[in-house]
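Below is one structure; the comments refer to it alone.
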There are 2 protein chains.
Amino acid sequence: MMKETALCPRLSNAMDLLGKRWTALIIYQLLNGSKRFNEIESSMPISGRLLSERLKELEMEGLVTRKIYSEVPVRVEYSLTDKGFALRPVIEGIESWSQQWT
Amino acid sequence: MMKETALCPRLSNAMDLLGKRWTALIIYQLLNGSKRFNEIESSMPISGRLLSERLKELEMEGLVTRKIYSEVPVRVEYSLTDKGFALRPVIEGIESWSQQWT
DNA sequence: TATAGTAAGTTACGTAAAGTAACCAGTTAT
DNA sequence: ATAACTGGTTACTTTACGTAACTTACTATA
């Protein structure tokens, strides 16, 4: 569909990314420092298939960087960029809203 | 699936709601005051089917109230509760992040 | 030599959610 | 009688998500 939101393209674009399932939780994990694929996977009920897909999206959007260490077995670490870390107040805002209004 | 997120149930619960498609945009619309069904529908490319579904969810979660005016044709107005309005800083945070990091 | 183990994925397939379009009820205006 | 309006609902298609098995590359164990 090519129809464009009359309203607030900024919010709309951001939600296309952040609103996808698991995305906010992945960013939340990475706010505490870089993590390996399996660490993220076992911290939440996400499948490898979708985690891989989400991390690629986040990398493409410039929120996450991927670093490969050629050890045995291979180690891959994901971490937030400045753009990703800039979401900290948003994530924390959602958390505190949730806490206050449950 | 019954598996529980080890991490941050607050963020997880909030994102189950706010992360659904269109939900944040609907709340954004209502931050400027109450709106009719058709007003919301025509402000973004959402279908009646899904708008109806989302508004019911938001009403059930206590973020939105629904008021019927028995005029001709009928008028139905949706507005935010305090719980809904409390999301203003979150929505504005996402907007400004989006503006800054595009 | 074969077997198994590990990390980080990918592939194939089934189900659930979202998108699209047509339709409906109640009332009024033409 | 016909059309028009709002606020939906129904039926159907397409896309996203969930599950489980498999893959690659290397190592350690029997």
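Atoms considered below: every heavy atom in the structure, side chains included; atoms not considered: hydrogens, waters and symmetry mates. Per chain, numbering begins at 1; letters A, B, ... match sequence-line order.
Across the protein-nucleic acid pair, I46(A) atom CD1 and dT10(C) atom P stand 13 Å apart, rounded to whole Å. Rounded to an integer number of Å, the gap from K67(B) NZ to dG7(D) P is 15 Å. Rounded to an integer number of Å, the gap from E41(A) CD to dA8(C) C1' is 9 Å. Look at CZ on R21(B): it is 9 Å from C1' on dG19(C), rounded to the nearest Å. Note: CG (L50(B)) to P (dG8(D)) measures 14 Å, nearest angstrom. Here dT19(D) presents its P atom at 15 Å from CD of E53(A), a figure rounded to the nearest Å. Distance E77(B) CD to dT6(D) C1': 13 Å, rounded to the nearest Å. To the nearest angstrom, P of dG9(C) lies 8 Å from CG of L51(A).
Between V74(A) and R36(A), the closest heavy-atom pair is O-NH2, 3.7 Å. Contact detail for S34(B) and E77(B): the closest heavy-atom pair is OG-OE1, 2.9 Å.
Counting non-hydrogen atoms under 4.0 angstrom, Y78(B) reaches the backbone sugars and phosphates but no base.
Residue P73(B) places its side chain closer to dC5(D) than to any other of dG7(D), dC5(D), dT9(D).
In this model, a side-chain donor or acceptor of R49(A) finds a partner on the base of dT19(D) within 3.5 Å.
With the nearest nucleotide of DNA chain D identified for both R75(B) and K20(A), R75(B) has the one nearer the 5' end. Checking S52(B) against V72(A), the closest nucleotide of DNA chain D that is more toward the 5' end is the one next to S52(B).
Contact annotation: R54(A) side-chain N/O to dC17(D) OP1/OP2 distance is under 4.0 Å. For dT6(D), neither phosphate oxygen OP1 nor OP2 lies less than 4.0 angstrom from any side-chain nitrogen or oxygen of R36(B). For dA18(C), the OP1/OP2 oxygens have no side-chain nitrogen or oxygen of W22(B) closer than 4.0 Å.
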*Would T65(B) and Y78(B) satisfy side chain to side chain contact (heavy atoms under 4.5 Å, CB included), going step by step from the backbone distance to the final call?*
CA-CA 6 Å; T65(B) 47; Y78(B) 293 90; over 6 Å; no
*Run the side chain to side chain contact (heavy atoms under 4.5 Å, CB included) check on L87(A) and L63(A) step by step: do they pass?*
CA-CA 9 Å; L87(A) 282 169; L63(A) 289 134; 3.7 Å; yes
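At a threshold of 4.0 Å, the pair E57(A)-R54(A) counts as salt-bridged, since one of the basic side-chain nitrogens sits closer than that to a carboxylate oxygen.
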